[in-house]
Amino acid sequence: MATHLPYQICIALLPALLSVPALAAKPAKPARAAAGTTVSLALLETTDLHANVVGYDYYKLAPEPSHGLDRTATLIRQARAEFPNTLLLDNGDTIQGTALADYQAQVKPVGCGETLGIYKVMNGLKYDGAGIGNHEFNYGLAFLGQVTGKRFQVAGVEQPRRCAGPAFPMVLANVVSAKTNKPLFAPYAIIEKQVQALDAAGKPVRAQLRVGIIGFAPPTIMEWDRRWLEGRVYTQGVVEAARRYVPEMRRKGADLVVAISHGGLDASPYSPAMENANWHLAKVEGIDAMLLGHSHQLFPNADSTVPQFNLPGVDKAKGLVHGVPTVMPNLWGKHLGVIQLQLRHDGKRWLVERERTVVQARAAQTGAKSFVDADPAVMRLVQAEHEATIRYVKTPVGATEFRMSSYFADVGDVSALQVVNQAQTAYVQDYVAANLPQYKDLPVLSMTAPFKSGVAGAADYTDVQAGPLALNNAADLYLYPNALYAVKVDGAGLKAWLEKAAQRFRTIDPAETAPQQLVNLDVASYNFDTPTSSELRYEIDVTRAPGERIRELSWHGRPVAADQEFLVATNNYRASGGGHCPGLDGSKTVIASPDNSRDVLIAYVRKAGQLTRAANASSRSWRFTPVKTAGPVVFPSAPGMAALAAQAGLRGVQQVAADDGRGKGVALYAIDLSQ
C-alpha cells in the first residue's frame, strides 16, 4: 500500500533529499597510511608581492613584464602540472606597495562586501594559506581586519560585522591583542590534504596529510607602525611563539609543520624583538620547513654574497638552515619558491627524508629580456580595479622643467628628494605657526630618502620625466603611505642621525688599487636620510669607520653646537624608531600629523605649479670629503644614465660596465671622490 506524505512535509524534506546525492558523491576518507608509504609534496611560496597583482608600473604608466603575480601564476600552474601534490602559501607583505593598493585602501576604499584585488586573485589561484607581513599593518587595524575578513578584538577599532576576505586561512602567532591577550589572527591552521601516494610496493594509493602552517611577523612592527598598533596589540618573540604553538600543533594531529615567517636570517644573539629571527627559529624542534620573506632576497642561491646567507648552519646552495629546508623567493612575484618534500610513513607518522628534499626558487625571467607569459585570467579578475587606478593616478597636479630621479641619489643627486623636503618643511613651519608657538624660534629641517634604488632591478628607481606632473609621479617620489611627523632633536642628535644614514656607504681604503664598492647594499636606501637645505652643510668621509664620518656640520656657516635645537620633519616610521636612528624612539615627536607625506607633497606641488631645478633641485646639503684613491670606487645604478649625473651637477661619475654582475640588469658606475 503506497504512503503519501502531505505536501508541506515533502517541501520541508526537499533540501535534505536534494543533499543526499552530493553527500554520497564525496570520496571516502583515505585509510591511515601503512608503513612504507611515500609521498612527494611540493610547498609553493610567494612573498613580498606588495600588491603587484599584474605586471604594470603605475608610476610610469606602462606594462612591466619583470614582475607581477600574473606571471607567478604561470609558474604556479607549471608546478601544479609537474608535481602531483602541492600546497600554495603566501608569506605576507601582500596588500601594500603599489598605487593600486593605495587606491583600494585610501582613495576609494574597498567595501565590506568586496574582496581586495590581490586577495581576489589569490582566491582564484586557490591559495591554501598565508602569513602576515609587516606592511599588512600600514593602513591600520580596521582596514586589515576588514580585508582579511576578521573581527579584531582590539581597543578603538569598530568592526560591526565580518567582511569579505580571503578564502584560505591566514595565520599569525606572535602578534597579540592587548584587549584579549589572544593572537590577532589564528596562530596556526592545520590543512587536511588528500594526496597521491605510493604504497610500500610502489602501487598508487590515496593518503591524507595534515599540514600545519604557523605564521610570524617581525616584532619591530611596534616601531614601524606605532601610530596604529600602540596600546592595541603587542608582539612576542618568534622563537617563544613557536615553542608554544608547534607542540600544540603536533598534539592536534599535524603531520608536518611549515613555518611561514616574514623575516630573514640573523645569527646575532637571540632577542624577542629580533627583526630577522629565523636562523634561531630553525632550531625549534618540530619545524619541517621554513618559508621566508621580508629581506627581498633570493634563497637558495649558491652565488649570493649576502651576509645573512653566509652564516654557520646555512647551506645557500641546497636551501637549508640548520638542516631545515628553507626558501625565500625574492619579491614582487619575480620567483616562486618550491620545496619538494619527500615523505615516508613509518607506520606511526610521516617522516621528512631531508636528504631527498629539493629546494628551488624558480624565476619568471627566462632570458636577458624574456619572461614567462602572464596568465590572462589574473587581469580579468582585477580589470576594473586596474583601470580605475590608472584613471586616478593620471590626475594632474603640476609640472616640472627637469627630470627627477633617484639613479644617483647615493652620490648626491637631490632631484627626487628636495621637493619632498621642501613640502615637509613648509608643512611643519605652517603647523608650528598655527599650533605650537613655543617652537617658533627653532629652525626647521626635513629628512627624506631615496625609496627606490634598484633592489628589484634597473626599473626600480624613481624616474619622473620633465613635463606635466600627475598623482602617479607623486607616488613615484614618495612610495609609502607614511604620515608626516616632526621630532625635536639637538645638534648631537642630528649628527648621530646623519652618522646612521652614512652607514649606507662602505669604508674606502685610499691605498687600495682594486675596485671598491662604495654603497653598502645591506643598508636599505630608505634609511639613507638626506636633508636638502642650503643652510645646512656637512661632509661624509667614507675613509673613516661608520659612526665617525660626519665632518664640518654647520648651520648658516657656523658649526652646529651639541645642544642646538632643531625641528626635523620626517615620517612616522622614522620618528617611532624605524631604522634604529639613535634617540628616535617616539619620545621626541612633537607633531604627529594626520596627513600623509605624499598628500603633503601633492598639495605643495599644486601650490607651486611649476617646479624648476634652480628652485627645487639645487640645494645639496652634503658632499663626500675629497680623497684621492689608488683604484676605482664603484657603485650600481641603471645603465645609460650618466648624463643625468652631469645634469645634477655631479662630477667624476661615469659608467664602467653595462652589468654589475648581480644578474639584475643594473650597470656599474665609478665616481672620482677627489672632485
Side-chain angles (χ1 to χ4, degrees), residues 46 49-73 90 93-125 127 135-136 138-140 142-149 163-167 332-333 374-398 451-452 459 462-465 467-482 595-603 605-606:
T46 56
L49 292 171
H50 284 287
N52 285 282
V53 188
V54 295
Y56 190 86
D57 190 327
Y58 293 101
Y59 310 117
K60 297 177 175 62
L61 293 176
E64 179 46 66
S66 68
H67 62 254
L69 183 54
D70 53 351
R71 293 183 192 275
T72 328
D90 182 70
D93 274 11
T94 305
I95 69 173
Q96 179 278 335
T98 65
L100 171 62
D102 290 340
Y103 181 79
Q104 289 205 288
Q106 297 176 321
V107 180
K108 189 179 179 183
V110 63
C112 180
E114 302 172 281
T115 301
L116 196 66
I118 194 160
Y119 286 152
K120 188 189 298 186
V121 172
M122 293 170 77
N123 286 344
L125 292 173
Y127 272 72
H135 282 286
E136 261 68 57
N138 287 171
Y139 298 123
F143 182 79
L144 179 58
Q146 176 193 319
V147 299
T148 56
C163 298
W332 298 1
D375 185 341
V378 173
M379 178 61 87
R380 287 196 294 269
L381 285 171
V382 292
Q383 189 80 44
E385 296 93 328
H386 173 68
E387 292 177 354
T389 302
I390 292 174
R391 288 193 299 271
Y392 169 70
V393 300
K394 287 182 176 179
T395 303
V397 296
F451 297 125
K452 299 168 71 175
T462 296
D463 191 351
V464 178
Q465 299 289 330
L469 293 173
L471 292 178
N472 62 298
N473 304 127
D476 200 7
L477 291 164
Y478 204 101
L479 190 62
Y480 300 108
N482 293 328
D595 297 312
N596 282 352
S597 296
R598 188 187 302 161
D599 292 335
V600 170
L601 171 63
I602 291 167
V605 173
R606 279 180 167 147

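For the pair Tyr127/Pro166, no side-chain contact is recorded, criterion being any heavy-atom separation below 4.5 Å from C-beta on. By the 4.5 Å heavy-atom criterion applied to side chains, Thr98 and His50 are not counted as neighbours. Residues Tyr392 and Leu471 are in side-chain contact: their nearest non-hydrogen atoms beyond the backbone lie under 4.5 Å apart. Using a 4.5 Å heavy-atom cutoff, the side chains of Leu69 and Val54 are not in contact. Looking only at side-chain heavy atoms (C-beta outward), Trp332 and Leu49 stay at 4.5 Å or farther from each other. When side chains are defined from C-beta on, Phe143 counts as touching Ile95, because their heavy atoms get closer than 4.5 Å. A heavy-atom distance below 4.5 Å is not found between the side chains of Tyr480 and Arg598. Side-chain contact between Val121 and Val382 is present, with at least one heavy-atom pair separated by less than 4.5 Å.
For the pair Thr72 and Gly68, the tightest heavy-atom approach, listed with the atom from each and the gap, is OG1-O, 3.1 Å. Minimum heavy-atom separation, Gly97 to Tyr139: N-OH, 4.5 Å. Between Gly117 and Glu385 the shortest heavy-atom distance is CA-OE2, 4.4 Å. Here the closest heavy-atom approach between residue Gln96 and residue Ala101 is recorded as CA-CB, 3.9 Å. Contact record, His67 with Tyr56: NE2-O, 4.1 Å, taken as the closest heavy-atom pair. Between Cys163 and Gln146 the shortest heavy-atom distance is CB-O, 3.5 Å.
Side-chain atoms of Asn123 come within 3.5 Å of backbone atoms of Ala167 as a donor-acceptor pair (strictly under, hydrogens ignored). Remark: side-chain polar atoms of Asp57 are paired, donor with acceptor, to backbone N or O of Lys60 under 3.5 angstrom. Put simply, the side chain of Arg71 gets close to the backbone of Pro65: a donor and an acceptor are under 3.5 Å apart. Without hydrogens or angle criteria, Glu136 side chain to Thr94 main chain gives a donor-acceptor distance under 3.5 Å.
With sequence neighbours excluded, no residue satisfies ring-ring contact (aromatic ring centres under 6.0 Å, His included) with Tyr119. Under the ring-ring contact (aromatic ring centres under 6.0 Å, His included) criterion, Tyr478 pairs with Phe451, sequence neighbours left out.
No side-chain donor-acceptor contact under 3.5 Å links Tyr59 and Asp463.
In this structure, the separation between CG on Leu100 and CD1 on Ile118 is 8.0 Å, given to the nearest 0.5 Å. Put simply, OG1 on Thr46 and CG on Asn52 are 12.0 Å apart, with the number rounded to the nearest 0.5 Å. Here Ser597 contributes atom OG and Leu477 contributes atom CG; the two are 12.5 Å apart, rounded to the nearest 0.5 Å.
Here Lys120 does not pair with Glu114 in a salt bridge; the nearest charged N to carboxylate O distance is not below 4.0 Å. Using a cutoff of 4.0 Å between basic side-chain nitrogens and carboxylate oxygens, Asp476 and Lys452 are scored as salt-bridged.
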*asked:* Set out, in order, the CA-CA distance, both residues' side-chain angles and the distance that settles side chain to side chain contact (heavy atoms under 4.5 Å, CB included) for Met122 and Asp90, then state yes or no.
replied: CA-CA 9 Å; Met122 293 170 77; Asp90 182 70; 3.6 Å; yes
*Give the intermediate values and the outcome of side chain to side chain contact (heavy atoms under 4.5 Å, CB included) for residues Thr389 and Val393.*
CA-CA 6 Å; Thr389 302; Val393 300; 4.2 Å; yes
